[in-house]
Amino acid sequence: HAIFPVQAYSWNEILLGRAVTIVNPKRSGKTMAYLPSLLTLLSDTDNDVENKQGPIGIIFVSSSREVENIYKLCRKMVDMRKMSIVTAFGKWNCAEMQLKLLNGVHLLITTPPCFLRLLSQVEDLKIIDRERIQFIVFDNFDLIYEKFKIDLLEVVKVTTRGADHPEKNPQIIITTSKWLSSNTNM
């Protein structure tokens, strides 16, 4: 497959640890503009992933179909015996998902409402350690924002350390088909 210009530009920036916003039309390779670099960075992280709780990276998407599509791409790109990637969407076995997250994973692929539902069902357990999260991706942010604006604000609060300590925040990667207006508030 040919490499789109957006992919060639973004891969290096992501590997250098920079926050990246990718604005390109639908079906123009935006997911592949971050996914190979993200998986490379995740594979280079601490191999002792199972002795810590929660994910190292989280990809937020707008639908269960997108969760499945990105998971399929991951399976094609990495040895799943060496990298733990879990999905959470729709109706799932909450106890099984909690156990996976408690045991630590490299990557969680989910939707904002599913992520918040998962957290609300395990208030007494720390299955998400925001100190551990190094990467957050919002794939098709414009669609996520349209569908889950209120959930999105809560997700940002739970997964980042806020504006007071930006140097401690995870690397943020955003893909979108269009710029959101300056009236967009979070």
Side-chain angles (χ1 to χ4, degrees), residues 1-47 49-50 54-93 96-97 100-101 103-118 128 132-148 151-152 155 159 170-178:
H1 299 293
I3 295 175
F4 289 103
V6 69
Q7 295 164 344
Y9 292 124
S10 63
W11 288 341
N12 192 50
E13 296 301 308
I14 292 168
L15 290 172
L16 290 172
R18 296 186 176 131
V20 174
T21 300
I22 301 162
V23 183
N24 232 22
K26 292 179 180 177
R27 309 212 36 87
S28 62
K30 292 185 303 294
T31 298
M32 291 303 289
Y34 73 81
L35 195 57
S37 296
L38 177 65
L39 293 173
T40 297
L41 290 169
L42 286 168
S43 70
D44 290 344
T45 58
D46 181 5
N47 287 334
V49 93
E50 283 80 26
I56 298 169
I58 306 173
I59 299 175
F60 291 101
V61 296
S62 64
S63 70
S64 56
R65 177 183 288 168
E66 286 302 307
V67 170
E68 292 175 318
N69 289 343
I70 292 173
Y71 182 73
K72 287 176 187 173
L73 286 172
C74 290
R75 288 185 54 184
K76 290 179 182 178
M77 298 171 69
V78 298
D79 182 347
M80 297 298 281
R81 294 170 295 178
K82 295 181 180 177
M83 186 176 293
S84 53
I85 300 173
V86 297
T87 61
F89 61 94
K91 294 188 178 190
W92 34 265
N93 183 331
E96 181 182 325
M97 182 58 58
K100 286 179 181 179
L101 290 172
N103 287 322
V105 298
H106 286 92
L107 182 62
L108 170 63
I109 308 167
T110 189
T111 62
C114 187
F115 178 77
L116 295 176
R117 193 168 52 248
L118 177 66
I128 302 294
R132 178 173 159 78
I133 299 170
Q134 296 177 30
F135 312 99
I136 298 175
V137 177
F138 295 100
D139 195 334
N140 286 316
F141 182 83
D142 48 332
L143 298 178
I144 295 170
Y145 185 81
E146 286 173 21
K147 290 173 75 172
F148 310 120
D151 291 339
L152 194 54
V155 161
T159 57
Q171 181 177 0
I172 306 288
I173 302 165
I174 297 172
T175 73
T176 183
S177 298
K178 58 187 175 190

Are Leu143 and Ser177 close enough, and set up right, to give a side chain to side chain contact (heavy atoms under 4.5 Å, CB included), and what steps lead you there?
CA-CA 9 Å; Leu143 298 178; Ser177 298; over 6 Å; no
Rounded to the nearest 0.5 Å, what separates atom CD1 in Ile58 from atom CD1 in Ile133?
4.0 Å
Any donor-acceptor pair under 3.5 Å linking the side chain of Gln134 with the backbone of Pro170?
no
Smallest separation among heavy atoms of Ala33 and Ser10, with atom names
O-OG, 2.5 Å
Using every non-hydrogen atom in the two residues, find where Val6 and Gly29 come nearest and quote the distance to one decimal.
CG1-O, 4.3 Å
Taking Phe89's backbone N and O only, do any of them form a donor-acceptor pair with Thr110's side chain (distance below 3.5 Å, no angle check)?
no
Within a strict 4.5 Å, meaning less than it, do heavy atoms of the Ser64 and Thr111 side chains meet?
no
Heavy-atom pair of closest approach, residues Gln171 and Arg18
NE2-O, 2.8 Å
Do Leu108 and Phe115 come close enough that some side-chain heavy atom pair is under 4.5 Å?
yes
Quick one: do the Ser62 and Asn140 side chains pair a donor with an acceptor below 3.5 Å?
no
Does any part of the side chain of Ile173, heavy atoms only, come nearer than 4.5 Å to the side chain of Ile136, both counted from C-beta?
no
Give a yes or no answer on whether the side chain of His106 reaches the backbone of Ile85 with a donor-acceptor pair at less than 3.5 Å.
no
Measuring from atom CH2 of Trp11 to atom OG of Ser37, what distance do you get when rounded to the nearest 0.5 angstrom?
7.0 Å
If you take all heavy atoms of Glu146 and Lys178, which pair is closest and at what distance?
OE2-NZ, 3.2 Å
Give me the atom names and distance for the closest heavy-atom approach of Ser84 to Val105.
OG-CA, 3.1 Å
Quick check for you: to the nearest 0.5 Å, what is the distance between Ile22 atom CD1 and Asp139 atom CG?
8.5 Å
CG of Leu42 to CE of Met83, rounded to nearest 0.5 Å, is 5.0 Å
Taking C-beta and beyond as the side chain, do Lys82 and Ser43 meet within less than 4.5 Å on heavy atoms?
no
Can you tell if the side chain of Tyr145 reaches within under 4.5 Å of the side chain of Leu152, non-hydrogen atoms only?
yes
Over all heavy atoms of both residues, which pair between Pro112 and Val61 is shortest? Give the atoms and the distance, please.
CD-O, 3.4 Å
Calculate, to the nearest 0.5 Å, the distance between atoms CD and OG belonging to Glu68 and Ser63 respectively.
8.5 Å
What verdict does the side chain to side chain contact (heavy atoms under 4.5 Å, CB included) test give for Val86 and Leu107, after you've listed the backbone C-alpha separation in whole Å, the side-chain angles of each residue and the deciding distance to 0.1 Å?
CA-CA 6 Å; Val86 297; Leu107 182 62; over 6 Å; no
Donor-acceptor contact present, side-chain Lys30 to main-chain Pro25, <3.5 Å:
yes
Can you classify the ring geometry of Phe60 versus Phe138 as parallel (below 30°), tilted (30 to 60°) or perpendicular (above 60°)?
parallel
Hey, could you give me the CG/CD1 distance between Leu38 and Ile56, rounded to the nearest 0.5 Å?
10.5 Å
Option among Ile14, Ile59, Ile172, Leu35 that satisfies the side-chain contact (heavy atoms from CB on, under 4.5 Å) test with Val137
Ile59
Examine distances only and state if a side-chain atom of Thr176 and a backbone atom of Val23 form a donor-acceptor pair shorter than 3.5 Å.
no
Spell out, as yes or no, whether a donor-acceptor pair under 3.5 Å connects the side chain of Gln7 to the backbone of Phe4.
yes
